[in-house]
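Notes follow the structure.
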Amino acid sequence: MASRPLALINARLVDPASAYDGPGALLVRDGVIRDRIEGADTGAISQDAEVIDARGAMLCPGLIDLRVKTGEPGAEPKETLKSAALAAAAGGVTSIIVQPDTDPAVDDPSVVDFILRRARDIGLVHVYPAGAATKGLKGERMAEIGLMRDAGCVYVTDADRPIVNSKVFRRLLAYARGFGVLVAHRPADPWLSAGAAASEGELAGRMGLPSVPAIAEKIMLERDLALVELTGGRLLVDQITTACALESLERGKARGLDVTATTSINHLSFNEVDIGDYRTFCKVDPPLRSEDDRQAVIEALASGLIDIVVSAHAPAPAEDKRLPYDEAAPGAVGLQTLLPALLALHHEGRMELLDLMAKVTSRPAELLGLKAGRLAKGAPADLVLCDLNAPLVVDPAALKSKSKNTPFDGRRLQGVVRATLVEGRQVYSAD
């Protein structure tokens, strides 16, 4: 017996994949979108459907977050797959790609299988593992890339650890190309950035913090682009944050290299001054940059030079954050604040809504070959219903993550998630 259809009516449909932004309705049955009606007339909706009245709220594809850290396996007090999934659902994120820097590292098909089975048991949002690029994330020997791809990993990366050995990285790009696997890499010169807690400049000097110059990002990116050109591999630049590195990225793309770039919502929303009086919740990796860098990153996002925005969700318990600034763990939770923080760029007139939402829906879906990320007949009914103009004051206590380390603490934003659906199932409701 077929399940009862679900009709979402009186919505503002925002679908970057088809460039539609206007009134409409969706009919959902058996986990997929069965019909899409554009315009205010919803008379064609099945009369036996369960109805959700959007009351003019934005209805768009669920967000796809390419960079999420959890503590499972190995450090469950920080975050479990379930607590991360709950936070994602509350933030309108329907697909998360979890990083491989766990204990044990995700460098073997058995660990990939463990994560996928745990996600199925939890039954909330889609969870996709990223596999380790090298064994144990040590940057010395390639991991079993082909076997992990077959097991279900969607790309390979050593997460926060740059692969220093250029011969290893060259082999990695060439080998991954043979399997059609995407390689993600953090552009950071390891010697210049070792031990850094802030970006080099007058502020870091005045505060007495160990720092890293912006050029460290450019140096590693230039190497990576040269090796992509040599091997023909596919590269995902993991969080570009400086104006000088953007110049390198632009030249690389102009040469036709298969390069995609992300930036984090933290580097779009904050600058180095937000460290304030040694606020460890603002200590992230890469560190917050200058205001000139932040503005350059926003402009690169608007122009399309930067393709995707990630939450860079990195939970850390209080005991790891309530330390002297240079000793505190880097990272911030971001799954629940990603959407309202991103919408700030729309409310400020910096980007059109369709272009902005593409950075967290259709663009990451295209990159990974996912069927989600669009409002089309036959597409998975992974959806978020969001009141664009509803005010929000970020309260860490209200976050679903086990860790509460957010730099958005007390920040006033606009955009409240009313409901999140995954394959037509309502996994979150603000009511």
Side-chain angles (χ1 to χ4, degrees), residues 6 8 11-17 21 26 28 33 52 54-68 82-98 122-128 264-265 268-269 308-313 333-347 351 353-365 370 372-375 379-395 398-401 406 408 411 413-431:
L6 173 67
L8 297 103
R12 177 182 176 180
L13 300 184
V14 175
D15 181 30
D21 179 359
L26 293 180
V28 173
I33 298 171
I52 294 178
R55 301 192 297 275
M58 174 182 73
L59 180 61
C60 74
L63 276 59
I64 300 169
D65 192 348
L66 293 189
R67 198 181 205 283
V68 173
K82 184 173 182 178
S83 61
L86 287 168
V93 180
T94 55
S95 297
I96 61 175
I97 288 75
V98 294
I122 293 164
L124 288 169
V125 303
H126 302 293
V127 178
Y128 301 99
S264 86
I265 191 62
L268 293 168
S269 305
I308 293 168
V309 178
V310 299
S311 72
H313 182 83
V333 294
L335 282 165
Q336 267 180 267
T337 50
L338 174 60
L339 180 54
L342 192 64
L343 288 172
L345 296 178
H346 167 65
H347 293 306
M351 288 186 67
L353 187 59
L354 277 172
D355 295 337
L356 190 62
M357 294 308 299
K359 308 295 186 181
V360 287
T361 58
S362 58
R363 190 66 188 93
L370 303 179
R374 56 200 176 100
L375 303 181
D382 297 347
L383 309 167
V384 57
L385 189 64
C386 175
D387 189 338
L388 288 174
N389 298 311
L392 167 69
V393 179
V394 177
D395 177 8
L399 299 179
K400 304 292 185 182
S401 173
T406 174
F408 289 96
R411 189 148 181 166
L413 301 169
Q414 284 179 276
V416 173
V417 174
R418 286 179 47 192
T420 304
L421 286 77
V422 174
E423 294 181 342
R425 296 177 295 109
Q426 191 162 312
V427 295
Y428 173 78
S429 171
D431 299 329

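Quick note: numbers below take in every heavy atom, side chains included, and nothing from hydrogens, waters or symmetry partners.
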*Give the minimum heavy-atom separation between Pro16 and Pro61, together with the two atoms involved.*
CD-CD, 4.4 Å
*For the residue pair Ile265 and Ala341, what are the closest heavy atoms and their distance?*
CG1-CB, 3.6 Å
*Leu335 pairs by side-chain contact (heavy atoms from CB on, under 4.5 Å) with which of Leu63, Leu86, Val93?*
Val93
*Check whether any side-chain heavy atom of Ile52 lies under 4.5 Å from a side-chain heavy atom of Gln426, and answer yes or no.*
yes
_Partner of Met357 under side-chain contact (heavy atoms from CB on, under 4.5 Å), chosen from Val384, Asp15, Leu339_ = Leu339
_Sub-4.5 Å side-chain heavy-atom contact between Leu59 and Leu26_ = yes
*What are the two closest non-hydrogen atoms of Gly62 and Thr361, and how far apart are they?*
O-CG2, 3.9 Å
_Donor-acceptor contact present, side-chain Arg418 to main-chain Ala54, <3.5 Å_ = yes
_Nearest heavy-atom neighbours spanning Arg374 and Ala17_ = CB-CB, 3.7 Å
*Which pair of non-hydrogen atoms, one from Val360 and one from Pro364, has the smallest distance, and what is that distance?*
C-CG, 3.7 Å
*asked:* Between His313 and Asp65, is there a side-chain donor-acceptor contact under 3.5 Å, judged purely by atom types and distance?
replied: no
*Val422: which of Asp382, Leu124, Leu383 passes side-chain contact (heavy atoms from CB on, under 4.5 Å)*: Asp382
*Leu353 vs Leu388 side-chain heavy atoms within contact, under 4.5 Å*: yes
*Could you pull out the closest heavy-atom pair between Gln336 and Ala87, with the gap in Å?*
CG-O, 3.2 Å
*Can you find a pair of side-chain heavy atoms, one from Val309 and one from Leu356, that are under 4.5 Å apart?*
no
